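The structure appears below as structure tokens.
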Amino acid sequence: MSDSTELLRMYEQMAVIRRTEKAAYDLFLAGMVKGTTHLASGHEAVAVGASAALRPDDYVFATYRGHHHAMARGASPEACLAELMQKSTGLCKAKGGSMHLTHAAGNMLGSYAIVGAHLPMAVGAAWSARLRGTEQVAVAFFGDGATNIGAFHEALNLAAVWRLPVIFVCENNLYMEYTPIAAVTAADHPAADRAPAYRMSAQIVDGNDVIAVREVVASAAQRARAGEGPTVIEAETYRHYGHSRTDPATYRPAEEVERWLKHDPIDVARARLEALGVTPDTIKDTDERASAEVAAAVAAAKAAPAADIAEAFTDVWADGGAAWRV
Amino acid sequence: MSDSTELLRMYEQMAVIRRTEKAAYDLFLAGMVKGTTHLASGHEAVAVGASAALRPDDYVFATYRGHHHAMARGASPEACLAELMQKSTGLCKAKGGSMHLTHAAGNMLGSYAIVGAHLPMAVGAAWSARLRGTEQVAVAFFGDGATNIGAFHEALNLAAVWRLPVIFVCENNLYMEYTPIAAVTAADHPAADRAPAYRMSAQIVDGNDVIAVREVVASAAQRARAGEGPTVIEAETYRHYGHSRTDPATYRPAEEVERWLKHDPIDVARARLEALGVTPDTIKDTDERASAEVAAAVAAAKAAPAADIAEAFTDVWADGGAAWRV
Amino acid sequence: MAGVKTDSGTITYREAVAEGIAREMRRDPTVICLGEDIGPAGGVFKTTAGLFEEFGPQRIWDTPISEQAIVGAAMGAAMTGIRPVAEIMFSDFLACCWDYLANEIPKVRYMTGGQVTVPLVIRTANGGGLGFGAQHSQAVENWALAIPGLKIVAPSTPADVIGLMASAIRSDDPVVFFEHKGLFASKGPRPPEGHHVELGRAAVVREGTDVTLLALASTVHTALAAADRLAEDGISAEVVDLRCLIPMDLTTVLASVAKTSRLVTVEENPYQAGWGATVVSVVVDEGFHLLDAPVRRVASANVPLPFADALENEVMPTADKVVAAVRSVANF
Amino acid sequence: MAGVKTDSGTITYREAVAEGIAREMRRDPTVICLGEDIGPAGGVFKTTAGLFEEFGPQRIWDTPISEQAIVGAAMGAAMTGIRPVAEIMFSDFLACCWDYLANEIPKVRYMTGGQVTVPLVIRTANGGGLGFGAQHSQAVENWALAIPGLKIVAPSTPADVIGLMASAIRSDDPVVFFEHKGLFASKGPRPPEGHHVELGRAAVVREGTDVTLLALASTVHTALAAADRLAEDGISAEVVDLRCLIPMDLTTVLASVAKTSRLVTVEENPYQAGWGATVVSVVVDEGFHLLDAPVRRVASANVPLPFADALENEVMPTADKVVAAVRSVANF
Ligand SMILES: Cc1ncc(C[n+]2csc(CCOP(=O)(O)OP(=O)(O)O)c2C)c(N)n1
Ligand SMILES: Cc1ncc(C[n+]2csc(CCOP(=O)(O)OP(=O)(O)O)c2C)c(N)n1
Ligand SMILES: [Mg+2]
Ligand SMILES: [Mg+2]
């Protein structure tokens, strides 16, 4: 694939993710999505760039802010929206919801809503890959806020001691929920500055540049597959919406928001496409295809049947049931 | 106090601790101490040197290997031995045992048996000191093995962010229970090498040299009281016995054991005393006083009444009782 | 912003949390709050709204996402002269610092032979019904019940929030204070200054003669709704709000059962190991002779909580389920 | 060293742990162990003695002191084709990784709509009576019972250790396997190769007609001792070993109560929120008509565990206490 074809593919994936999340937001306002939702708009390049660097059989673990990761690993916009809309066709049969999007068919093994909890899981998946001799890599995506929780420390240490093929990708968007990460972290780069404590190498990357992300993840994956151990990547990015749907994000300085909105990952990719000579028409076609895909997904999700109440009592155990007694 | 007087006092304290632990060991063999016990023989200089640098109202938190810290902060050998012997005169009324020696009267606020759990507590005590404006310092003593647990990370980060007057003293004795720390830790100096991850300064010190320990703790305490924040101190030391009473410690290379036994903290202090011109007779008198004190303690603990069964149902609540229902 | 609102009339459960804390903070300068986003943001549930403005950064501390450090530091502070009020944002996250709740805080007084006390409050948003999914919806008051040495509070009304918060903060014992997410928007009379509800006193919130419905926090409202419906059938249900799990007011429960001879517990925690089981086991021991019928427990199903409303409703206790349970024992 | 001993005859409970694991490791190369000091040291309780020698460092992994990483990594491995057997040295330390047991492992299958399974075993040394004090002595099987989605095993004999270990490791569901510290030295017949005990099958270990003693792990022996003493008084006690808390074999319990009309539970976990309460609540619901007398629960007192032997004995269940409880209900 030529550079521009591959980039165009990534651009389209980002465009689809962006539109899907916008649709989710609008469906919220229309009362068709309930519960809580954490949009990743602004973070698309991290998911798409990383995915482009990975093999289909590599493992991905994400957080409650994980729509982009599910879709980057192949979950359809329709299944994601159906999940949010409590439809039986939802990615997790409407039992998980926005915070737990999972697409095991794409080895995207879950979105976890307890900050940091999935980091040891990714270490375990990498350990499993080593044990099975598959050269698979495991990637954990997490927020800047997750770098202060105990599980982060335990995961990084174990990964380093066992030299496991795991990549820790921090999406540093400068904020936890409403509190700036700088106010509660004794490090400038909450992830990268901690890597030396585990004799681990770290890369800081523009998380809004899909190519840059792809490169840095590709090289970490290569090292991992070669048995050279784990890497920390800190991707600098920004969320376009508030923390969750109820958050207007007034705690962020207007100037900061503006600066980051000007550095939109989709714009960055578009500029790169243009520099590679892709025509405005081609880009427009791509945008339109993305819009059409998401519009169709919305329509299909709306038309899908509501979650099946019987599903409340399935899937606890591997036999499919929920019996706790004999 | 002259240098030699102060050193002689520290020497005597170490001698008393050493003999008390030896007595505990012998009482075990005689069937008079039950449960588990983790002797700190070999670590005395850490406790005694640190204590000498602290104010009486500073706070100390220790681990299940904490006999030396309790005694260094004023707990009597008799009360400690009585605790181990399940006597009603025990430091904790025989309800805590070896792993939980506590001497609140000396602001030694407990020995905790879950690895790392007390590190955040020390941070909290330091925070409390700041809130109350007392210029007290809190010190947490912990093992090398504790540096890989989540609570370590959370405690160090919070202490650094809030610039609290807390000193983290790692007693690095090279081993967890039976596993060398180097085998499971992605850092050469498990505590000191992690300090930069919290923008914290760290000192490595010969933990078997009571003077060196005192100096390094004194300067950390001074910084802490001046509002300059926390410090990590890694004191290199070695335990003379196995991990606990049931452990013959055969996993340690004979050469290593021998080398460390030659660097016994009591011998180091004695050599320093001699260098300061203290006579062998004075040292001998001190040794004898220590032996006599511990012999008396053993006798008193033996003679003390057994733990009072009624105490099983006291001290759950602040009202002294244990009622869970109305 | 003028700090915590103190005008009279009605108050929401959500506002009552901040108000209850503020009243104690005004009384006692050693009361200090810490938690994630509790400061300028006023908490994710706005249950600390106004506190930062009134008391400032020396008394309201924003923390990193470090549940162990939050609760562990609170413990260390409580041992040394401070009365910390620590927030754990969602009660599910108590699992992230469970060592402190299970092994440290409740045991240190006992294992030191009474040398130290730990006067602290751990507040947390508990419970489901809001579509937050399996990791943000649990009712985990029964986790705390498994641990001797913790006092456990779970109020059902704004007035009780304030009255029990006063007792919790003044208590020299550690208290876990469960605020129910589903009740935050509910309203009730604002209690007068000085209002105070002793820990361990259940309330008979509706008198009845045929069956005792024993409830806690959110399920008090479920039980009351069921009692209304049962009244239409001529069944007179007494509703007892347990308010605290520890101390557990079994005197009030046994007295009610003595009157009604029938007991149905209404619990949000899962059936397996729910608090109702403990109550029932005491009743069937000490009050066996009082009982005229099987004792039923309406509790959440033994499954993780699903996301979709309809599924969540299916597995959580509802007035319908309570009515059905009562009817099934009424004919004995 | 020749690996795990496999000679016939009798075997200790301690050896049975290693033997049970070894049998499964020989069968299935995806079974992998991890934990603190489980390798060359053979575990602090020597329950993994010989495994490192037989299976080597690629299957027996020593870890740092990182309970969250141990259990979290086990979870990640279980989701991806490995059957990890993770050791948490003392069950009290489950509190240090409780998030994984409470919020992650038992929920991920459900919340992904069945997309992933987590076939792992978490083994841990449970229980008191050895003078290890408040933080190393708890019987915490009831903590696990509070969490829907975990299977819970607690064997009382060496044969059951082996038979239930086989089922636990082969199970595609997560299993918490409680090994009782007080039983490690106990001996019993070594079961034949292939021995396997299905999860969720209680055992009637002594037949009787007057009262059912329901017990688990260590308390099976307490109950048997009590039954001997009661027999001298002419009281015939049936002793049921529950073996697993989940699946909970209530069929066997109800059948026994149908025969005896009286029930006394013998639990090591604290009375408040103990597993016996849940069993009792089911019996008093579904088997109310079977009962002729109050149901009593003999459990640990609601206090942290004290260090001194005499005090520990005072707060833990003993045969004396069981005998007294049975006598008190025998006259009804
Ligand atoms: C252990 C835990 N503590 C607190 C929370 C509540 N919470 C959810 S998201 C969040 C902020 C996380 O910030 P960050 O890691 O930077 O991720 P971002 O939301 O910015 O993507 C917090 C505190 C949680 N889910 N889990
Ligand atoms: C959380 C936790 N995990 C495991 C243990 C069991 N354990 C007790 S001491 C110990 C080794 C600790 O080593 P280190 O911190 O170096 O201290 P040392 O014993 O050498 O003083 C272990 C693993 C524990 N007490 N707590
Ligand atoms: Mg962030
Ligand atoms: Mg050590």
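FYI, side chains are in, hydrogens and waters are out, and symmetry mates aren't considered; it's all heavy atoms of this structure. Below, chains carry the letters A, B, ... as their sequence lines are ordered, and counting in each starts from 1. A quick note: this is a predicted structure, and the numbers were derived from the prediction, not measured.
Summarising the geometry, atom CD belonging to C:Q272 is positioned 11.0 Å from atom OG belonging to D:S281; distances are rounded to the nearest 0.5 Å.
For D:Q68, the part lying under 4.5 angstrom from a heavy atom of chain C is the side chain only. No part of D:L101 comes within reach of chain C, as not one of its non-hydrogen atoms sits under 4.5 angstrom from that chain. Both the backbone and the side chain of D:L291 come within less than 4.5 Å of a heavy atom of chain C. With a 4.5 Å cut-off on non-hydrogen atoms, D:V282 touches chain C through its backbone and its side chain both.
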Take C:Y110 and D:V303 through the test side chain to side chain contact (heavy atoms under 4.5 Å, CB included) and record every step on the way to the result. CA-CA 8 Å; C:Y110 188 85; D:V303 300; 4.0 Å; yes

The test is side chain to side chain contact (heavy atoms under 4.5 Å, CB included); show your working for C:N103 and D:Q138 and say whether it passes. CA-CA 10 Å; C:N103 293 331; D:Q138 296 169 88; 2.8 Å; yes

Decide yes or no on side chain to side chain contact (heavy atoms under 4.5 Å, CB included) for D:R297 and C:D285, but give the supporting numbers first. CA-CA 8 Å; D:R297 294 176 53 219; C:D285 181 339; 6.0 Å; no

I would like to know whether D:R296 and C:E286 meet side chain to side chain contact (heavy atoms under 4.5 Å, CB included); could you show each step before the answer? CA-CA 9 Å; D:R296 299 259 133 97; C:E286 300 174 19; over 6 Å; no

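Put simply, of D:P306, D:G149, D:P294, the one with the most heavy-atom pairs under 4.5 Å next to chain C is D:P294. Among the candidates D:I246, D:V329, D:I147, D:V280, the residue making the largest number of heavy-atom pairs closer than 4.5 Å to chain C is D:I147. Taking chain D as the reference chain and counting heavy-atom pairs below 4.5 Å, the highest number among C:T265, C:V140, C:V295 is found for C:V295. If you tally non-hydrogen atom pairs under 4.5 Å between each of C:A146, C:A301, C:C97, C:G133 and chain D, the highest count goes to C:A146. Chosen from C:P270, C:G274, C:A293, the residue pairing most often with chain D at heavy-atom distances under 4.5 Å is C:A293. Contact count against chain D (heavy-atom pairs under 4.5 Å) is highest for C:E104 among C:E104, C:H289, C:M248.
Contact annotation: the side chain of D:Y271 never approaches that of C:P148 to less than 4.5 Å [non-hydrogen atoms, C-beta and beyond]. The shortest distance between side-chain heavy atoms of C:M111 and D:Q135 falls below 4.5 Å.
Of all the heavy atoms in D:A134 and C:K107, the pair that sits closest is O-CE, 3.1 Å. Residues C:T278 and D:A273 approach most closely at OG1-N, 2.9 Å, considering heavy atoms.
A perpendicular orientation is assigned to the rings of C:W143 and D:W98, their planes being inclined by more than 60° (bins at 30° and 60°).
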